[in-house]
Amino acid sequence: MHKYLNILAIVLCLLLPPSHSALATEVYGISAADLGLYSGNRHLFEWDIAGARRMLDSFAEADRSTPAYVTLRARLLFMEGDYPKALDLLERSGIKGSFSDLVKATVVAADGFQSRQSEHFIIYWKDERDALLAEPGLDALEKAWQVLNNDMGFVPDGKVRVEIYPSVSSFTSVSTLSREEVRTSGTIGLCKFNRIMITSPRATLWGFGWRDTLVHEYVHMVVYKLSRGRAPIWIHEGIAKYLEASWRGRYGILTPSDWALLARRLRRDDLITIEQMSPSVAKLPSAEDTQLAFAEVATMFAFLAEQKGLDAIRAIVNSLAGGLEDKEALMAVWGEGYASFQRAWRSWVENLPVQNPDIQTIALKLAGESEDGEDPSDISDREAGDFSRLGDLLQERGRDQAAAKEYARAYETAPHIAGVASRHLWGRIAVGDNESAVMTAMEAIRLYPDLPVLWYRKGMALAALGRHEEAVRALRELMEINPFHIPGRRLLLASLSELNDKKGIKTQEEALEFLEKQEPH
Amino acid sequence: MVGISAGMLGFLLVPPLFAEHSRVPAAVICVLLAAISAALVPWWRWRRLPLLISRNEAARLLVSRRPTLKNLVTSGVDISLWSTRDALERGASPSLARAHVQAAEAAAEDLSPSASVVPGQNIAWILALSFLLSICAAWIIGDSEGAGSGWRAIRDAVRPTPVQIGNLGITYEPPAYTGIPGETIEGSDGSISAYPGTKLTITGSLSAEVSSGTLSLSGDVSGEVPLFVSGTDFNASWILSGRGTYAFNFLKDGSSLPSGFAPRAVELIEDKRPEVLLERPQEDMQVFGDQEVEVHFSAKDDFWVNRVEIVLSGDKEVRIPVRISPSSLVKDAALVLPIKYPELGEGAHLSVEAFDNDSVSGPKAGSSRSIYISFVDRKKLISQAEELEERLFENFITHLADHLEFPNSLSGRISTLRSAAGDLLTLVDALIENLTANADVGSPASVAILTMGKGLHRVLEPFAQGGEDRKPVIAELEKDILLLDRFLKNLRMEKVLSMGEELAALQRSLFDRIQEGAGQAELTELLQRIQDLMSQMMNTMAKNASHMPQEFANSDALKEMPSSELGDAMENLKKALKSGDRDAASEAAERLLELMTGWMSAMEDAAKDASMNAMGMMMEDMDKLGSELEELMEKQGEIQEETASLIRKAGKKGSELTQKEFQDFLARQEQRLKAIDNNARKVERLAPYRQVHPQGPKGRAGEDAAGFFEPRSRMNAAMAEIRKQLRTDPARAREAAGALEQAFNDNYRNMESLLNDQGKRKQAESYRANANKDITELKSDLDALLAGGETPMPEESRKNLGNLAQEQGSLGDRTGEFSKELGKLLRNIPFTKSDMPGKAMEAKTSMKSSSSKLESGAPQGAMPHETAAMEKLSEVARDLESARREMEQTMQGQGSGGFRMLGKPGGQGEGGREVDRGRVEIPEEAEARELKGFREEVLKAMQSPGYPKDYESEVEEYYERLIK
């Protein structure tokens, strides 16, 4: 129902400028109140919260009791983050339905939220432990705010609401995504209903680049608002992926695994089309497809930025806001049709340095749902898998030297497999061959930079070698992925102590004390 | 005289008494009287004799037939009557008188009083009696009728006339159970033969009227049955219950009348016991407790098999009624679920008893032969196997670790390691023996374990005995550890499945017992067992989740145990049982069974998928390697063809000429070999025989002979080798030619040492020169052949040879890779016996040799290597195909797939089968799928602390939908 209202609102608002909405008495037989509702809906659709509030406030008192008005008001409250009030309003009016259900679920999920804010963002979390994420999260977002202000010319109205959910189930309950979609696509962040939502890294087995994810979602918000909700998913994801690491000065970051996947599927001519990406990449059938879709669109915008500069991206978004279709908007900056762009992009990708096509795609694993430990268990090479298993069995029994030998044999067979490399890394450290461990770690991290165990073990090897500065860098990378990694933090603290970094020591001591206090005994 | 007188008197007086009848009876009476009298008189007289006569008369009578004793005896008797005074008076001394008396007494002792009666003395009486009897006989013969009637008159005069019975009829009314219709036999002779319980009615007519009568029974049962008499007709009825005789008694006017009906026999017909045949199981068997035993039987009876029971005699006896349709022949089957009867203990004798419908003497039972069924505790077996495997596993890991860490481990001394290897072998043997005893014979698992044992012996024994090479030990241990790892995972999966099966069996039992009307206490106990087992199963699943095959552990079936539904159903059942509501209890039990059935099926599918997945992946890899092998063979074939083509091109006249040249070459070499052999013989003949063979034709003895003739043996062997290898492997032929040269010259030197004659020496020298020339030419020809033929290769051909060499070399590398991949794959397929990787490596070696020959421009030299490579590849292809077939069979044969350790002890053929869980309909698969996603979502959402409150209502709705 709301969907149709939205569509109708858009149609009508295209005919009538918003400023006319509530003031007009009647247009083509539609009452002023109805027009106001349509217009309000349109503002909400574009996440123009201030506009929607203005519109609703302009309603005559007599028109404020209609279910349509109440619903719209509740939607406004919901998008402003005032969930209890929105629910109260709906319940008092006896309005039921999927929106009401969503509000109820959100009220439950947000119950007990704590928050911390910066100049432009306010972060909410529920689980005590996630307080650890607030400060670094705000730090990244503020930096992103600055960068995106520069790059995209966007400044949000008011503070952006960011919510961190403690579990995948609570995340799915408020996101309208199913658990299966989350598991399949690896979606752990979402920008919807005028807010940013992410799952805590604690809810996943190994963590993820959660600060990049926060910024990724913020870019979605920027694109959404700039395009007035008209950007199709491929443009959304392409720009978000391209700009997600911009807050740390890096653009268009793709992992070797992304590149390898893209190269592999390009060779097979088995890419995901931009049409297939709608309505959401989270709804693609496999994690690999989702990863491929991201890789495709990210490289498209990297290519576009390389060819036409960053302004081209901004121009596309603005064109969409101006009413152009996605391909028209692209053509406007590219100069030729989409097919030409596709050809040029393919050629560009094909000419990029060749990646090992056997690099794995590591799917998101949820905590408590995987048999894996720190090391990935997905080892596709049979022989390497066998040696790794032997190593695991020996390691479990404290026969570290023997285990290290088996891991080494596995590594000889398939060094490109994440689980093999991480185990070999352990083996090298176990036998005290830290130099070799560092080399192994560097090679493995080059292929799998998002796998925290590699950073951790690299940090261990470096610390053992007395190379504490490097160890600190490696362990900080670990914290970017999994800030709840207590052994990593301890090691980080130890290295910082060796370096006599008083500020760092204080921060890590506080964080450790906090985490250890929260750990269940 | 008295007798004759009596007889005569009778003859004269008695007939007139019967005057009105006839003279015959009178005559008879007379005869009788005469006879009696004739007999009585002498008897009377004899008896009276001692009383009538004096001592003296008696003495005379006694000695009447012994005249020689007469004086002695009679005088003795006389003197014995004397007193002493009498004797003295008669002038006889008393002692003389006594002596005379004693002598008389002694003589009289031999005298018999009976013998003293002279027949002649009685002859008059005998004659008189004979006379009388003759008269009577003449009378009877002369007037027999008259005599008969006279006799009857005498008899009738003492007895009344017997009552005769005629028109006898017997009606049989057999008991209802026999199903035999009633029958009346008219004109019966009176004998009776019928089944016990038959109602008998006997009717007849009497010869004279009687006032009453009875039928008297004697034998097994005795008694009187009253006769219903009407005029001269009568009838009587009784129920037959024993064998014996019967007769009639009649009364008239209070007096008994004789019956003219002789007693008749009463016979019982035996009702036979039912005959029961146990058709299946045919022999003693083992089944898992939760496995149903299918019992097939047939029972027949002369009338009706009314009831059948399966009898299980274990610690206690259990009788299980079988529902049958009563009939004279029943063929049926029944299922016995041992787990239902824990009171039986660990096994029971099983037999089938059939009862007939004999309602008269009670049902008679017939029993089949019995077989013994051992109830195997599947869980216990699995646990034992698991424990043994774990011990093996741990020991292998420890030993592997010791090897890998050597010399840095605790067992840093090689002797310790060797000793540990020996200990390990002992342990392995013991454990494998135990393990295979419980494994399904012939299953891939047991074959694999046996193969593992052999493999370990092959590598550990040499090492334990001092071998230095530890690599094979490490490789074998690694292989076995991986294998055991997989087995253990499968075993844990089996454990969960077996618990599920037991659970399903118990629930089925519960359902059945409710239907059969079992008591509340029993049902409650059964329910408690189910609950306990379920909780045990959930614990096992939780504990082993990460130690089972991943596909199984992660399967929806395992994650989605319908515990809440099962819990609800169990609660409902408890309530129903408590309140005594059997309908509700039955419904709840059915629900329970339905849930369990669905879940178990899903689990079994998941287990099958897990096994099939593992096997399927292996099959896929095997197929890939098979394709690779085909390509290798194809390429090798091409190289062979190309080599042959190059050889042909190198020849002047094409392939035929080359072939001809080769034949000429062979002929030439054969001539040379013969010539060498001849020259050697000539030299040997030059040597004096006595010196060559000092002990005669049998030659030299012992080491001397071995040493002396050894070069000649070598020579023969070398020539044989050359002949053998010339066609296929010139390189080896060349080597043999070298050996021949050496052997010929050694032999020559032996012979030469025996030649004293200078002339002979010269001759021998010339033979030697000839032979050596031939040997040199032979070697030269072979060298030429090995170097690339007798004709120089054209430049283009040399270039092609170079390319071919490169190609062959690459193919060798590829074959080496193939061998490695094959090795990796076969590490996971333990039941392949052939050393395929080894053969592939041999092929690689041959290819490399071929490549080297081609490289050096010698295609002929390459050919044998190419052929050898092809042969080895073909062998691998055959073995691979065989392994593939074996895998396929394993996949087809394994219901629950893969390397399942324990088979089913009973098996279908022997009557053991899985519990029939098909009673309750399983929800449609599509329906289940549709709901699965939602269910998973809900259950997981509920596990997290912050799930939305409204989910509870949704969950309720969901279950309501399910119930509807």
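Chain letters run A, B, ... following the sequence lines, proteins first and then strands; every chain starts at 1.
- Contact count versus chain B (heavy atoms, under 4.5 Å) is highest, among L390(A), V174(A), L394(A), for L390(A).
- Around CZ of R814(B), the count of heavy atoms belonging to other residues, nucleotides or ligands within 6.0 Å exceeds 12.
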Discussion item. Set out, in order, the CA-CA distance, both residues' side-chain angles and the distance that settles side chain to side chain contact (heavy atoms under 4.5 Å, CB included) for I481(B) and R389(A), then state yes or no.
Written reply: CA-CA 10 Å; I481(B) 288 168; R389(A) 176 66 185 153; over 6 Å; no
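- Heavy-atom neighbours of E91(A) CD from other residues, nucleotides or ligands within 6.0 Å: above the threshold of 12.
- One finds no salt bridge joining D386(A) and K479(B) here, because no Lys/Arg side-chain nitrogen approaches an Asp/Glu carboxylate oxygen to under 4.0 Å.
- Atom NZ of K192(A) is surrounded by more than 12 heavy atoms from other residues, nucleotides or ligands within 6.0 Å.
- Using a 4.5 Å cut-off between heavy atoms, L477(B) does not touch chain A at all.
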Discussion item. Checking L404(B) against Q401(A) for the side chain to side chain contact (heavy atoms under 4.5 Å, CB included) test, could you report, in this order, the C-alpha distance in whole Å, the side-chain angles of both residues, the deciding distance, and whether it holds?
Written reply: CA-CA 8 Å; L404(B) 289 174; Q401(A) 286 195 31; over 6 Å; no
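- Going from atom CG of L482(B) over to atom CZ of R382(A) covers 11.0 Å, rounded to the nearest 0.5 Å.
- For D111(A), there are no salt bridge (Lys or Arg N to Asp or Glu O under 4.0 Å) partners two or more places apart in sequence or in a different chain.
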Item to complete: Verify side chain to side chain contact (heavy atoms under 4.5 Å, CB included) between R399(A) and T398(B), making sure each step is shown before the conclusion.
Response: CA-CA 8 Å; R399(A) 305 302 294 260; T398(B) 305; 4.0 Å; yes
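- When all heavy atoms are compared, the tightest approach of E405(B) to A402(A) is OE2-N, 3.1 Å.
- Salt bridge R409(A)/E478(B): present, at least one basic N to carboxylate O contact under 4.0 Å.
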